Amino acid sequence: MVENAHRSSTAVWMRLSRLTAWPASIPAAAWMVVPILVFSAMLRFADVSKRGLVYWDEGKFALEGVRLQSVLEQLCCGGASQIAGKAVGTAKPSHALLIALAYGALGVHDYSPVLLNATASVLEVAVLYALARHFFGSGTALLAALFLGVSQYDVIYARSALSESDANLVFFSGVLVWSRGWRHEPERRAWLRPDRLTYLAMAGTLMGLAFTINYRLLVYIAAIVGLDLMWSRRRGEWKTIRALSVWGGTLVLAPILWEVIGLLFQAHGTIIFRNEISRQPTSYLQEVFYQLHGGRQSVFRFSPLIYVEWYVVRQGWLMLILVLIGAGIAAARRTLPWMMALIAIGLPYLVYVFAPIAVPRNLDAALPFSALLAAGAVVSMVSQTRLVGLWRMVLLAGVIVIAGLGFSSSWNLVSERSGFARAARYVQQHAGGRALANNELMVFYLRGNGVRCTAPRLPRSLTRLAAAVRAGFDLVVIEGYSPRMSRHLRAYARVVARY
């Protein structure tokens, strides 16, 4: 018994020794990413609770989150007397679900989904560091994390309720898992791991989930899957077939699950999905098909320069130059890590320049890959022995300028405030929260007790407008309206404030 006790105490001591030695076993570069994450968090969390909801789609997502929160309450607690909020009409049910969970943790406030995205964006910087370190090394990983951390392009969406940051986190987690299925050996370009199919299954599941958060990621997912199959083919056709079957089987798991959930709830009288044009109940896959190629989405418009302009405005010329240099290096080397970054930028760009609606969000998921190319370009140029010390100092100065300008421009977003939130406070103070509204942002803010969305819509006819006035609605919060209603309001409305 004494011997057994001695062995037990020795085992406990060894575990404690390993635990206390754990911080020392972490590479120094891993500790250097901590201040980058701190600065990233500062840009994303500073005064974010005061921002409010700004973009039209934020109101949609906030109300869809209210709907799924009320559904969860009915399932778990039976507390909600009715289904509240707005049915999902954006083909992004997992985004609504994450917002509903944020409401459950923080309460139904306008800052709850914003805090969700801010957290996701900081974690995305950490995931990018891990991905770059695996494929490129510590130096490139630190620079890539720095470039993404101070990116105004990324911070704009991180400080919002839009579906970019949380979707990107899940997608890049899938890319990170996928990268672990490859052993990168520069002299052999890349080796398949024996347990690679397990990594593919996990990556495919995560990317499929990311697609249900933001369907715009479909092109990025196709880029990674296509690259993987192309590289697998070098190891044999049978490996390509197996990889394709694993990708196909796991990518559809989350979409099929939402399709089943929507149909089951609809069969029991609860509408989860509703078409925003026809206002008819629909299914998840029908929404996806409409968003991808229905209505306005079926029209092609060629806009090759607008995305470059947006990138320069938000990132600067220096970053664009580094990305282009990195693209040239990738095209020359053609190794798996470099081609991953190049294809994940190039394919979405080639697709979205033909998109019927050109919005900066289309290329938001390309930002981490562009940070990889820029960081890889800097490290590659510094490692060139032919570069004299002066040129290396110039590169270092360029990195410092990019980081400084990025932090400064991103910090300007801290002062952004929602005019809709101010308008809602005015209505609460002067009209008891009773006002007509023509956008879902105000419907969210004037939703009553949070269970029922009671903000009436702005009528489309003067007769109904007169009836609303007789019912006691003396205020209206307007973002856009028809020409006829515009003429009437300009002639008779009393403008009490501008937001």
Side-chain angles (χ1 to χ4, degrees), residues 55-57 90-92 124 128 144 147-148 151-158 160 162-165 167-168 171-172 175 207 210-211 213-230 251 287-332 334 338-377 406 409:
Y55 304 111
W56 183 294
D57 284 352
T90 57
K92 300 176 180 180
E124 183 188 355
L128 175 63
F147 289 154
L148 182 63
S151 167
Q152 185 195 54
Y153 206 140
D154 187 75
V155 173
I156 288 173
Y157 301 112
S160 78
L162 298 173
S163 58
E164 271 59 46
S165 294
N168 289 353
F171 169 68
F172 273 95
V175 176
M207 292 183 189
F211 174 77
I213 302 175
N214 185 358
Y215 59 81
R216 286 188 176 93
L217 290 175
L218 176 63
V219 185
Y220 296 89
I221 295 171
I224 297 298
V225 173
L227 177 67
D228 180 81
L229 295 177
M230 182 172 61
L251 283 170
E287 277 195 6
V288 169
F289 293 143
Y290 177 82
Q291 293 291 345
L292 293 179
H293 195 67
R296 292 184 299 172
Q297 309 296 336
S298 60
V299 180
F300 295 100
R301 292 190 177 92
F302 185 55
S303 305
L305 296 180
I306 187 66
Y307 293 104
V308 178
E309 293 173 1
W310 279 324
Y311 189 86
V312 171
V313 168
R314 296 179 175 185
Q315 299 288 96
W317 280 104
L318 283 177
M319 273 296 292
L320 178 62
I321 292 171
L322 287 179
V323 170
L324 292 177
I325 294 174
I329 296 174
R334 295 194 299 276
W338 284 98
M339 293 304 294
M340 173 196 68
L342 181 61
I343 292 177
I345 296 173
L347 180 62
Y349 174 78
L350 292 176
V351 171
Y352 282 123
V353 294
F354 292 99
I357 303 174
V359 291
R361 282 183 278 170
N362 287 342
L363 291 186
D364 180 67
L367 293 177
F369 294 112
S370 70
L372 267 177
L373 284 183
S409 60

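All values below were derived from every heavy atom in this structure, side-chain atoms included, with hydrogens, water molecules and symmetry-related copies excluded. All values derive from a computational prediction rather than experimental measurement.
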Checklist entry - Glu287: what forms a side-chain hydrogen bond (donor to acceptor under 3.5 Å, both in side chains) with it, not counting sequence neighbours? => result none
Checklist entry - Under the ring pair (Phe, Tyr, Trp, His ring centres under 6.0 Å) test, which residues partner Phe172, sequence neighbours left out? => result Phe369
Item to check | Taking every non-hydrogen atom, the tightest pair across Pro368 and Glu124 | outcome: CG-OE2, 3.1 Å
Item to check | Under the side-chain hydrogen bond (donor to acceptor under 3.5 Å, both in side chains) test, residues paired with Ser160 that sit two or more places apart | outcome: none
Checklist entry - Phe211: what forms a ring pair (Phe, Tyr, Trp, His ring centres under 6.0 Å) with it, not counting sequence neighbours? => result none
Checklist entry - Side chain of Tyr290, backbone of Thr90: donor and acceptor closer than 3.5 Å? => result no
Checklist entry - Val353 and Leu350: which non-hydrogen atoms are nearest, and at how many Å? => result CG2-O, 3.3 Å
Item to check | For Ala223 against Ala344, the heavy-atom pair lying closest together | outcome: CB-CA, 4.2 Å
Item to check | Within-4.5 Å side-chain heavy-atom neighbours: Leu217 and Met207 | outcome: no
Checklist entry - Do you know which two heavy atoms are closest between Pro348 and Ile343, and how far apart they sit? => result CD-O, 3.6 Å
Checklist entry - Between Trp338 and Leu373, is a side chain to side chain contact (heavy atoms under 4.5 Å, CB included) present by the stated rule, with each step listed? => result CA-CA 8 Å; Trp338 284 98; Leu373 284 183; 3.9 Å; yes
Identify each donor-acceptor pair in which a side-chain atom of residues 322-331 lies under 3.5 Å from a protein atom, sequence neighbours left out, and give them as a table.
none

Item to check | Tyr307: ring pair (Phe, Tyr, Trp, His ring centres under 6.0 Å) partners, not counting sequence neighbours | outcome: Trp310
Checklist entry - With distance as the sole test, does Ser370 use its side chain to make a donor-acceptor pair with the main-chain N or O of Leu367 at under 3.5 Å? => result yes
Item to check | Nearest-0.5 Å distance that lies between atom CZ in Arg216 and atom CZ in Phe171 | outcome: 15.0 Å
Checklist outcome for this item: Here the salt bridge (charged side-chain N to carboxylate O under 4.0 Å, His left out) pairs for residues 339-355, sequence neighbours left out, are none
Item to check | OH-CD1 distance between Tyr220 and Ile345, expressed to the nearest 0.5 angstrom | outcome: 8.5 Å
Item to check | Side-chain heavy-atom pair Tyr311, Met319 within 4.5 angstrom cut-off | outcome: yes
Item to check | salt bridge (charged side-chain N to carboxylate O under 4.0 Å, His left out): pairs with one or both residues in residues 311-320, sequence neighbours excluded | outcome: none
Checklist entry - Among all residues two or more places apart in sequence or in another chain, which pass the side-chain hydrogen bond (donor to acceptor under 3.5 Å, both in side chains) test with Asn168? => result Asp364
Checklist entry - Is Tyr215 close to Leu218 at the side-chain level, that is, under 4.5 Å between some pair of heavy atoms? => result no
Next on the checklist: Taking side-chain hydrogen bond (donor to acceptor under 3.5 Å, both in side chains) as the definition, give me every residue that meets it alongside Ser163, ordered by chain and number, with sequence neighbours left out.
Outcome noted: Lys92
Next on the checklist: Applying side-chain contact (heavy atoms from CB on, under 4.5 Å), can you list everything that pairs with Ser409, at least two apart in sequence or on another chain?
Outcome noted: Gln152
Checklist outcome for this item: By salt bridge (charged side-chain N to carboxylate O under 4.0 Å, His left out), Arg361 pairs with (sequence neighbours left out) Asp57
Next on the checklist: Restricting to non-hydrogen atoms, name the atom on Ala167 and the atom on Ala210 that form the minimum distance, rounded to 0.1 Å.
Outcome noted: O-CB, 3.8 Å
Checklist entry - Less than 4.5 Å apart, any side-chain heavy atom of Tyr55 and any of Leu162? => result yes
Checklist entry - Taking C-beta and beyond as the side chain, do Tyr349 and Asn362 meet within less than 4.5 Å on heavy atoms? => result no
